[in-house]
Amino acid sequence: MLVIGIEGTAHTAGVSVVSGDGDVLSNLFRTYMEKEGIHPREAANHHAAKIVPLIEESIHEAGIERGDIDLVAFSQGPGLGPCLRTAATAARTLSLSLNVPLVGVNHCIAHLEIGRLKTDAEKPVLLYVSGGNTQVIAFKKGRYRVFGETLDIGLGNMLDKFGRERGMPFPAGPTIEEKAKKGEKLLELPYSVKGMDVEFSGIMTSALNKDATLEDICYSLQETTFAMLTEVTERALAHTRKEEVLLGGGVVQNRRLQEMIGKMTEERGAAYHVPEPEFCIDNAAMIAWTGYLMYDSGTSISVEESHIKQKFRTDEVEVTWR
Ligand code: AMP
Ligand code: MG
């Protein structure tokens, strides 16, 4: 069985072909680069321009013909309305023209499923930290449940915003990581854990107002926010009695975050897994693969039911494949 997946929740337009055996035959993407924060309509225009060539290239790279495709999967949400609509329109058109079924995939769950496919993780707690999202997710009683999440913005967006104010190129995460390596002094920033949830915008404001070297500020930003995430992830492990952490989202490429999660899991006798970068960031392979799992367990939708869900909750999805 061959599935074509279309991703388009935010910056990234992606198209991938994945087989039912879990082989990723192609996984291509183009990213909309922002200057002044993401503009949803401009990002959607970017996706609209790229999606058809991406479909063609992805089919070509997979070494298949259009007619070989058995299923179309797309990112139904959560995300930015105009971007989601563009991806959904492409998916509906493809499904109708090829006369194959359509599946709408929850983007956050897809990060977890691709991690289970691409690493040794089996029953993990997912720490998903990207530009727009920050969530701790685990499977419990038939659903993927959110155990903790950001109450304001995603950590990646916060780092990018901070970086923009300080003249760093977009995305700022990698530059902040480099600067932080030279930082020595831990500055006091608000440590905002509320129950199992976290908040980042107050930390950013405080960091922007610090009178200190940029290296020390970057170091302190990372130490503080990563400690918050590590704390919440550890509590999710304890609560769910799980023994594996899976990392997902662009921010988890940060070595210091991996080190802190690694230390925490080691101390608990647990394990942690990081997929390769192409499967950490927003990618269409995760949409195709999760679409396959859903379809294989009896889920598909009609075009009429395929409306996008900007606020698609992780725990809305009935998990039929586990
Ligand atoms: P995503 O939204 O999952 O595609 O991930 C993009 C986000 O990851 C952006 O906000 C980047 O700033 C962030 N990011 C990428 N690499 C790093 C890094 N090494 N450290 C921290 N954040 C990063
Ligand atoms: Mg993502």
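Note that the numbering runs from 1 along the sequence shown for the chain. Heavy atoms only: backbone and side chains are in, while hydrogens, waters and symmetry mates are out. We count ligands from 1, going down the list as the structure has it; atoms in each ligand are counted the same way.
L229 and V125 fall within a single hydrophobic cluster, where Ile, Leu, Val, Met, Phe, Trp and Tyr are joined by side-chain heavy atoms under 4.5 Å apart, directly or via other members. With hydrophobic clusters built from ILVMFWY side chains whose heavy atoms lie under 4.5 angstrom apart, V24 does not share a cluster with I6. Cluster membership check: V252 does not share its hydrophobic cluster with L117, using side-chain heavy-atom separations under 4.5 Å among Ile, Leu, Val, Met, Phe, Trp and Tyr. There is a path of hydrophobic side-chain contacts, each under 4.5 Å, that joins M1 to V103. M228 and L151 end up in different hydrophobic clusters when Ile, Leu, Val, Met, Phe, Trp and Tyr side chains are linked at under 4.5 Å.
Taking only nitrogen or oxygen atoms, main chain and side chain alike, D160 reaches within less than 3.5 Å of ligand 1. Of the N or O atoms in L159, none lie within a sub-3.5 Å distance of an N or O in ligand 1. Remark: ligand 1 and H111 share no N or O pair separated by less than 3.5 Å (distance only, no angle test).
Checked by atom type, the side-chain pair E278/N27 shows a donor-acceptor distance below 3.5 Å. Side chains of Y272 and E266: a donor-acceptor N/O pair is absent below 3.5 angstrom, by distance only.
For atom 5 (O) of ligand 1, the nearest non-hydrogen atom of the protein is G250 CA, 3.2 Å. The shortest contact between atom 23 (C) of ligand 1 and any protein heavy atom is with G173 CA, 3.6 Å. For atom 19 (N) of ligand 1, the closest non-hydrogen atom on the protein side is E177 OE1, 2.7 Å. In this structure, the protein non-hydrogen atom closest to atom 20 (N) of ligand 1 is N254 ND2, 3.0 Å. Here the heavy atom of the protein found nearest to atom 13 (C) of ligand 1 is V251 CG2, 3.8 Å. Nearest protein heavy-atom contact of atom 4 (O) of ligand 1 is D282 N, 3.7 Å.
Within ligand 1, counting atoms from 1 as listed, the ones closer than 4.0 Å to a heavy atom of G249 are 3 (O). The distance from ligand 1 to the heavy atoms of G156 drops below 4.0 Å at these ligand atoms: 10 (O). Remark: ligand 1 atoms within the under-4.0 Å shell around heavy atoms of P171 are 11 (C), 12 (O). Atoms of ligand 1 lying under 4.0 Å from at least one heavy atom of G131, given by number and element, are 1 (P), 2 (O), 5 (O), 7 (C), 10 (O).
The count of protein N, O or S atoms under 2.8 Å from the Mg ion (ligand 2) stands at 4, with waters excluded from the count.
Of the possible polar contacts, none joining the R143 side chain to the V319 backbone as a donor-acceptor pair under 3.5 Å is found. The closest donor-acceptor contact from the side chain of T86 to the backbone of P82 lies under 3.5 Å.
Once rounded to the nearest 0.5 Å, the distance linking NZ of K185 with NZ of K210 reads 9.0 Å. A distance of 9.0 Å separates CZ of R268 from CD of E243, quoted to the nearest 0.5 Å.
Checked against the 6.0 Å centroid threshold, H239 and F147 count as a close aromatic pair.
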Can you list the steps and then say if H11 with F170 is a ring pair (Phe, Tyr, Trp, His ring centres under 6.0 Å)?
-> CA-CA 12 Å; H11 298 88; F170 173 83; 5.5 Å; yes
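Of the candidates P174, A180, G132, it is P174 that places a heavy atom closest to atom 16 (N) of ligand 1.
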